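What follows is a set of notes on a single structure, which appears directly below.
Note that the structure is a prediction, hence the values are computed from the model and not measured. In each ligand, atom 1 is the first atom listed, and ligand 1 is the first ligand listed. Numbers here simply count residues along the sequence, with the first being 1.
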Amino acid sequence: MIDDPRTSALAGLHERLHECRLCLEAGYDIYPRAIFSGELGARIMVIGQAPGITEKEAGRPFNAGSGTRLFQWLAEAGIEETWFRSTQYMCSVTRCYPGRSASGSGDRVPSRAEQMLCRPYLDAEIALIDPALIVPVGRLAIQLFYPADLILEEIIGTEKQIDGRWIVPLPHPSGASRWHQTEANRQRVRKAIQLIKIHKV
Ligand code: SF4
């Protein structure tokens, strides 16, 4: 059997992520533990914004409340959580818990500089995993594929192709977010779920 060189490349990348202290060295008071999951063979890649405190404590992406709602949405596309977590890829724009916001209400949004420091890992993962469908979740992740001044109402429920991959964005599933709680936006989320259902196979 011929070894797939991507296997060792991805293992090396994961090792570098686990050892990464770039944001600490740049002066950001992050908790240096990269949170992500998945291996080669994944067809779907979910990209979140950054780990929250429950992800930091559990050591897995989209834990607790946000994960519960995300997987409720994905279940409507025929995607089961245990299968997804063990076979597909989950990561985020920045990988380490950024700490509380200055106001103390909620988690800090990673700075542009932190996003840029972490970006090469994501680019390398996309190249190695080669997913057919990318689901960016939340504005920070959606901005990877759309203009920075994007309007969520115009984007959620639509799809686009980049380099042959389908991109289907979802809003942040946090219970604190009011965006997905209006009927018009729930309808947009339902359209996005239908697109994920089409492109997941
Ligand atoms: S967020 Fe990314 S770049 Fe920053 S320390 Fe963690 S792994 Fe490294």
Report task. State whether D4 and R6 are salt-bridged, where the test is any N-O pair (Lys NZ or Arg NE/NH1/NH2 against Asp/Glu carboxylate O) under 4.0 Å. Result -> yes
Report summary line: What one should report as the nearest heavy-atom pair of A77 and K200 is O-CE, 2.6 Å
Requested in this report: Would you please classify the geometry between the F84 ring and the F71 ring as parallel, tilted or perpendicular, with 30° and 60° separating the classes?
Outcome: perpendicular
**Report entry** Nearest neighbour in protein (non-hydrogen) for atom 2 (Fe) of ligand 1
**Finding:** C118 SG, 2.3 Å
Report summary line: With heavy atoms and a 4.0 Å threshold, my read on which part of L24 contacts ligand 1 is neither
**Report entry** Shortest protein contact, atom 4 (Fe) of ligand 1 (heavy atom only)
**Finding:** C23 SG, 2.3 Å
Query raised in the report: Which of the atoms of ligand 1 are close to I30, meaning less than 4.0 Å from one of its heavy atoms?
Result: 5 (S)
**Report entry** 2.8 Å cut-off met by an N, O or S atom of C96 to atom 6 (Fe) of ligand 1
**Finding:** yes
Query - T94 OG1 to L22 CG distance, which is reported to the nearest 0.5 Å - result: 12.5 Å
Query raised in the report: Would you say E114 touches ligand 1, if touching means a heavy atom closer than 4.0 Å?
Result: no
Query raised in the report: Near L22, which atoms of ligand 1 are under 4.0 Å from a heavy atom of that residue?
Result: 5 (S)
Report summary line: When distances are taken from atom 8 (Fe) of ligand 1, the protein heavy atom at minimum range is C20 SG, 2.2 Å
Requested in this report: State plainly whether the residues E183 and R190 are in salt-bridge range, i.e. N to O under 4.0 Å.
Outcome: yes
**Report entry** Parallel, tilted or perpendicular: ring planes of F62 versus H172, cut at 30 and 60 degrees
**Finding:** tilted
